[in-house]
Amino acid sequence: MKQIILSGDRPTGRLHLGHYVGSVKRRVELQNSGKFDEIYIMIADAQALTDNADNPEKVRRNILEVALDYMSVGLDPKKSVMFIQSQVPALYELTAYYMNLVTVSRLQRNPTIKSEIKLRGFESSIPSGFLNYPVSQAADITAFDATCVPVGEDQMPMVEQTKEIVHSFNRIYGETLVEPKILLPETNVCQRLCGIDGKAKMSKSLGNCIYLADTPEDIKKKVMSMYTDPNHLKVSDPGCVEGNTVFTYLDAFCTDEHFEKYLPEYKNLDELKAHYRRGGLGDVKIKRFLNAVLEDILTPIRARRKELEQDIEGVMKVLEEGCAKANMKANATLKRAKNAMKINYFDDSENNITDYFKDK
Ligand code: TRP
């Protein structure tokens with residue numbers, strides 16, 4: 001069986017370090033592993049509109065930002081098809097048929113939907129398109145016959161919902177859709193990177209993000225303001241590593257090579273942590289090190305972004321060609337699904353509905 005990846009992001013802002021360690025970096029590694037036959041990366045503008053219907057300009061403005069972020073971290077249009085969700089109509093036709101296989105109460109039990117409803121204060125006025133986005137996400141995944149969906153842990157309920165739809169569809173209409181597997185980040189830290197304030201999640205609305213496109217000055221300022229151990233007042237005090245944002249980020253980003261390059265008096269992160277715990281290691285030193293590590297990772301990304309920004313027409317062309325390829329694939333799946341449902345009345349002799357009248 002072909003190995004196929006589908007993943008994507010809502011274009012509601014530039015991508016940040018949480019996206020990077022949570023999914024985007026992994027996609028680039030998977031892309032370059034050579035283990036996949038097809039890779040589709042979708043900019044989910046239609047899904048973004050399910051809770052931003054009154055602010056389409058925000059979604060519009062961020063489509064190219066996200067595309068630039070993708071390409072600057074190393075997604076390569078020669079290997080990965082990058083496309084925009086709203087430009088692939090077959091996704092909505094599939095969504096309509098899948099909706100009949102899912103109950104409203106099942107959608108209301110979806111843990112991610114539940115917490116998003118709370119967060120957005122939708123309680124008594126949930127847009128029905130929003131409640132339904134897990135079904136539309138099932139269409140995104142199955143339209144591309146995806147076997148592998150690399151995403152953060154908050155997307156687990158969406159992939160579960162997709163599997164249920166695949167089972168129902170295949171049971172009723174015959175083996176048609178491919179069941180996907182979720183691929184989560186390898187470590188806990190990467191699954192849900194906290195914000196620079198130590199709050200649970202890096203999120204645009206909390207204003208605690210470091211963006212891939214931030215300038216070196218922005219990043220330095222943010223790193224220097226990071227939440228550490230509030231009881232670590234003097235350098236000589238013993239410090240706590242758990243819940244200390246600087247160490248959380250070092251866990252997510254630094255490698256032994258970074259120590260060799262920027263802090264050779266320590267071999268690795270374990271040694272640095274041990275010193276911090278003993279006392280005698282100041283916050284400024286660990287923050288400077290983290291800043292150097294982040295710069296090491298982000299400098300080449302920033303440079304590629306600058307280059308791509310010089311040729312926005314070229315980036316648009318990548319997306320346009322991506323949409324054409326995505327439409328071919330999704331249309332083929334839609335045709336297969338409609339054949340299975342026997343509703344392709346004009347294209348397929350097996351779906352002929354005139355038989356009922358032959359004997360009359
Ligand atoms: N829900 C994802 C997000 O919030 C975006 C998305 C839409 C997606 N369709 C998808 C992710 C299909 C993976 C697979 O970022």
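Any value given below was found using the heavy atoms of this structure, including those in side chains, with hydrogens, waters and symmetry copies removed. Atoms within each ligand, like the ligands themselves, are counted from 1 in listed order.
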| query | Should the proximity of M42 to ligand 1, defined as any heavy atom under 4.0 Å, be assigned to the side chain, the backbone, both, or neither? | reply | side chain
| request: Going by the ring pair (Phe, Tyr, Trp, His ring centres under 6.0 Å) test, name the single residue among Y266, F259, F253, F247 that passes it with F289. | output: F259
| Which residue and non-hydrogen atom of the protein lie closest to atom 14 (C) of ligand 1, and at what distance in Å? | L6 CD2, 3.6 Å
| request: May I ask you to identify the nearest protein heavy atom to atom 8 (C) of ligand 1, giving residue, atom name and distance to one decimal place in Å? | output: Q137 NE2, 3.4 Å
| task | Would you kindly specify which portion of M158 sits under 4.0 Å from ligand 1, judged on non-hydrogen atoms: side chain, backbone, both or neither? | result | neither
| query | Can you find an N/O atom of Q85 closer than 3.5 Å to an N/O atom of ligand 1? | reply | no
| query | Strictly under 6.0 Å, is that where the ring centroids of F144 and F83 end up? | reply | yes
| atom 4 (O) of ligand 1 - nearest protein heavy atom and its distance | R10 NE, 3.1 Å
| query | Taking the six-membered ring of Y133 as reference, does the NZ or CZ atom of R10 fall below 6.0 Å from its centre and within a 45° cone about the axis? | reply | yes
| message | Any salt bridge linking E265 with K285? Criterion: basic side-chain nitrogen under 4.0 Å from a carboxylate oxygen. | response | yes
| said: Let's go through I297 and L17 carefully: what are the C-alpha distance in whole Å and the side-chain angles of both, what is the deciding distance for side-chain contact (heavy atoms from CB on, under 4.5 Å) to 0.1 Å, and is it a yes or a no? | reply: CA-CA 11 Å; I297 295 168; L17 289 181; over 6 Å; no
| Interfacing atoms of ligand 1 (cut-off 4.0 Å, heavy-atom, D9) | 15 (O)
| field | ligand 1 atoms in contact with A44 (distance to a heavy atom under 4.0 Å) | value | 7 (C)
| task | Show your reasoning for whether side-chain contact (heavy atoms from CB on, under 4.5 Å) applies to R109 and Q161. | result | CA-CA 11 Å; R109 278 199 310 275; Q161 178 70 80; over 6 Å; no
| field | Closest candidate by heavy atom, reference atom 9 (N) of ligand 1, pool I41, T12, D140 | value | D140
| request: Please confirm whether the backbone N or O of P77 pairs with a side-chain atom of S80, one donor and one acceptor, at under 3.5 Å? | output: no
| Starting from atom 7 (C) of ligand 1, which protein heavy atom do you reach first, and at what distance in Å? | Q47 NE2, 3.3 Å
